[in-house]
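A short write-up of the structure that comes next.
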Amino acid sequence: MTILDKIIERKKEEVAAAKLRISLDRLKDTSFFGRPTNSLKESIKNKSGIIAEFKRQSPSKGIINNNVQPLEVVSAYENSGASGVSILTDHDFFGGDLNDILTVRNDINIPILRKDFMIDEYQFYEAKSIGADVVLLIASCLSPDQVQEFTELAHQLKMEVLLEIHTEDELKHFNSEIDLAGINNRNLKDFKVDLQHSVQLKNQLPKGVLSVAESGIYNLKDFQFLKEKGFDGFLMGEYFMKNTDPAKAFEEFASQI
């Protein structure tokens, strides 16, 4: 099994357990469920384009940073010009938690992307209930029909969709309703990074869709290369989180772009 296969198997177990703990009716009754959402598309167009990530660990890197709290980091991201924040909610493989979004939602105004492995309708209601504005769909673990169905559901819940692809074959997952096209520079099956591969895929995206380069952006040179190749957004996590002070690292990076 690949790492992605293991993650999805575990995710099925997590979702089944969550359904037993909290019903859909209870999710719909939460204070955030009815809040107006913020548009990541518009924020990318009008600000830096950076979606700065809060991530404690990853399967490929292990522990990245366990010594900072979500609010102190993401509020600084916002103050330094981030277009949005990405917050990992997968626990077993990335050290995240739903509370990482809940604890910051009232204190920041930029869009929040719930970054997780979305495989079940329940997770979309869950995302809405904790205050997410955007959800991630990963083509490599969904069929094109599932992407279509989940996109429609997300829009019904007033959330935007970032569809992540890594291969040319996954281009068939796109439909006209997708809000943002994410191209993962890192292969989720072996975690190797190839920026040039992402550029080639970007050139095959449907016209008009905003493109987001994801993962493996390790320095200013990588960022500038991808920007010159026409990417609109840049999802960056490890570059900032590996520092003892991620907020300061982001501020310094933002001052150079």
Side-chain angles (χ1 to χ4, degrees), residues 38-40 42-91 93-116 130-134 136 162 164 180 182-186 191 193 195 198 212-229 231-257:
N38 301 318
S39 171
L40 182 58
E42 294 305 312
S43 191
I44 285 175
K45 291 176 185 177
N46 297 319
K47 302 183 79 172
S48 66
I50 298 177
I51 307 166
E53 192 159 81
F54 182 86
K55 177 170 66 174
R56 294 184 177 87
Q57 65 187 59
S58 76
S60 61
K61 300 291 183 178
I63 300 297
I64 298 170
N65 192 331
N66 262 345
N67 300 314
V68 290
Q69 296 302 312
L71 183 57
E72 67 181 273
V73 175
V74 301
S75 60
Y77 285 165
E78 178 178 31
N79 292 337
S80 295
S83 289
V85 294
S86 168
I87 300 180
L88 269 295
T89 56
D90 175 82
H91 179 267
F93 295 89
F94 290 88
D97 194 280
L98 297 179
N99 284 325
D100 291 339
I101 293 181
L102 280 170
T103 57
V104 307
R105 176 69 280 177
N106 280 329
D107 294 284
I108 64 171
N109 295 310
I110 56 176
I112 295 177
L113 166 68
R114 180 194 180 179
K115 193 173 184 187
D116 209 316
I130 60 175
D133 301 286
V134 191
L136 177 72
L162 170 61
E164 174 184 301
L180 299 149
I183 300 180
N184 199 338
N185 302 310
R186 179 180 291 117
F191 282 80
V193 172
L195 298 187
S198 297
V212 177
E214 300 182 33
S215 303
I217 305 173
Y218 294 129
N219 50 52
L220 184 61
K221 183 179 178 181
D222 290 342
F223 175 87
Q224 291 173 333
F225 170 78
L226 292 166
K227 191 173 183 64
E228 288 170 0
K229 295 300 181 180
F231 279 93
D232 304 292
F234 312 87
L235 199 159
M236 302 176 62
E238 182 186 334
Y239 181 83
F240 307 125
M241 291 297 298
K242 68 183 179 181
N243 290 272
T244 55
D245 188 345
K248 184 178 180 182
F250 180 81
E251 181 181 5
E252 291 176 351
F253 184 86
S255 69
Q256 301 177 68
I257 63 175

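Hydrogens, waters and symmetry mates are skipped; everything else that's a heavy atom, side chains included, is used.
When atom types are taken as modelled, the side chain of Ser215 and the backbone of Asn184 share no donor-acceptor pair closer than 3.5 angstrom. Side-chain atoms of Asn65 come within 3.5 Å of backbone N or O of Asn67 as a donor-acceptor pair. Of the possible polar contacts, one joining the Asp222 side chain to the Tyr218 backbone as a donor-acceptor pair under 3.5 Å is found.
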Verdict with reasoning, Ile44 to Ile51, per side chain to side chain contact (heavy atoms under 4.5 Å, CB included): CA-CA 8 Å; Ile44 285 175; Ile51 307 166; 4.2 Å; yes
From CA spacing to verdict: side chain to side chain contact (heavy atoms under 4.5 Å, CB included), Leu113, Leu235: CA-CA 10 Å; Leu113 166 68; Leu235 199 159; 3.8 Å; yes
Verdict with reasoning, Leu88 to Asp100, per side chain to side chain contact (heavy atoms under 4.5 Å, CB included): CA-CA 8 Å; Leu88 269 295; Asp100 291 339; over 6 Å; no
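Shown here for Pro246 and Val68, the closest heavy-atom pair between the two residues is CD-CG1, 4.0 Å. Shown here for Ile217 and Ala213, the closest heavy-atom pair between the two residues is CD1-O, 3.8 Å. Heavy atoms only, all atoms of each residue included: Asn38 and Pro111 are closest at CB-CG, 3.8 Å.
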With a 3.5 Å cut-off and sequence neighbours excluded, list the donor-acceptor pairs that the side chains of residues 248-257 form with protein atoms.
residue	atom	partner	partner atom	Å
Ser255	OG	Glu252	O	2.6
Gln256	NE2	Glu252	O	3.2

Would you be so kind as to tabulate the donor-acceptor pairs closer than 3.5 Å made by side chains of residues 73-82, with sequence neighbours excluded?
residue	atom	partner	partner atom	Å
Ser75	OG	Leu71	O	2.6
Tyr77	OH	Glu53	O	3.0
Glu78	OE2	Asn109	N	2.9
Glu78	OE2	Ile110	N	3.3
Asn79	ND2	Ser75	O	3.2
Ser80	OG	Ala76	O	3.3

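With a 6.0 Å radius and a threshold of 12 heavy atoms from other residues, nucleotides or ligands, Lys47 has its NZ atom above the threshold.
In this structure, the separation between CG on Leu98 and CG on Asp116 is 8.0 Å, given to the nearest 0.5 Å. Put simply, CG on Leu162 and OG on Ser86 are 8.5 Å apart, with the number rounded to the nearest 0.5 Å. To the nearest 0.5 Å, the span separating CZ on Phe225 from NZ on Lys227 amounts to 14.5 Å. Atom CD of Glu238 and atom OG of Ser60 lie 7.0 Å apart (nearest 0.5 Å). Atom CD1 of Ile87 is separated from atom CZ of Arg56 by 9.5 Å, given to the nearest 0.5 angstrom. In this structure, CZ in Phe223 is found 12.0 Å from CZ in Phe231, a value given to the nearest 0.5 Å.
A salt bridge links Arg105 to Asp133: at least one charged side-chain nitrogen sits closer than 4.0 Å to a carboxylate oxygen.
Shown here are the side-chain contact (heavy atoms from CB on, under 4.5 Å) partners of Leu102, two or more places apart in sequence or in another chain: Phe32, Asn99, Ile130.
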